[in-house]
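The structure appears below as structure tokens.
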Amino acid sequence: MADVKQLAEYTVPAMLVGAAAGLIAGGLGAFVGQPIGWAVVTGLGLAVPLMVFGAGYAVLVALGKVPAGVFAPAAVYWVIAFPLALLMHAAVTAWVITGTPSLPPEPWKFLAFRALVSMGFAIGFLWMHEQIGRFWWPRIIGHNPYARRVVEQYTHLAAALHSRKAARKPTRSL
């Protein structure tokens, strides 16, 4: 049970990214004139699946199944998860507005297009996850082994990049 609590605690930054995406979607819906109820459904309908999938990605990183800070695994994960999150969002939105859950017309085309734009989300997710995480994980590193492992991975990555950069730096002769 402690492992589940520690994993949940570790995933807070990933869930915040999903919540932020939902908040932005709901805010944009309200901005363009959707009724407030629809804007809330838009925000929650997107935030909840993105929070769940974001937590899933964070768990993969925490368990060492995916390396921290590497784009390719995040891109592969989100090329699947992002279209599914948007499909859930579309179904929930249709359900709330029409009273009947439904898929968008031509769901395979819907998923394929969302898979194409998922790379942009993957970049944003990874960046925000790291930015929020760099403030969150050091706070919990003392009692959370997942945070400790990931901070150590980022520290190792930063040291490797620094040494690579130093090795390429030309030396000046006098």
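Each residue takes its place number in the sequence, starting with 1. These values consider heavy atoms only, across backbone and side chains, with no hydrogens, waters or symmetry-generated copies.
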If you apply the rule side chain to side chain contact (heavy atoms under 4.5 Å, CB included), what do you find for Trp137 with Ile140, and how did you get there?
CA-CA 5 Å; Trp137 298 320; Ile140 64 172; 4.2 Å; yes
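- In the hydrophobic clustering of ILVMFWY residues, with side-chain heavy atoms under 4.5 Å counting as a link, Val12 and Val48 come out apart.
- What you find for Ala122 and Phe71 is that their closest heavy atoms are CB-CE1, 3.8 Å.
- Enclosure of atom NE2 in His156 is not indicated, since only 12 or fewer non-hydrogen atoms of other residues, nucleotides or ligands lie within 6.0 angstrom.
- When all heavy atoms of Leu46 and Ala25 are compared, the closest pair comes out as CD2-CB, 3.6 Å.
- Two different hydrophobic clusters hold Trp95 and Leu103 under the rule that ILVMFWY side chains link at heavy-atom gaps under 4.5 Å.
- Side-chain heavy atoms closer than 4.5 Å link hydrophobic residues (I, L, V, M, F, W, Y) into clusters, and following such links, possibly through other members, connects Leu50 to Met88.
- Seen from the ring of Phe135, Arg139 does not count as a face-on cation partner, given the 6.0 Å and 45° thresholds.
- Classification of the Tyr57-Trp78 ring pair by plane angle, with boundaries at 30° and 60°, yields tilted.
- The same ILVMFWY cluster, assembled from side-chain heavy atoms under 4.5 Å apart, contains both Val117 and Phe125.
- The cluster map of Ile, Leu, Val, Met, Phe, Trp and Tyr, joined by side-chain heavy atoms under 4.5 Å apart, puts Trp127 and Val150 in the same cluster.
- When atom types are taken as modelled, the side chain of Arg149 and the backbone of Ala62 share a donor-acceptor pair closer than 3.5 angstrom.
- By the 6.0 Å contact criterion, CD1 on Ile36 is open, its count of non-hydrogen atoms from other residues, nucleotides or ligands being 12 or less.
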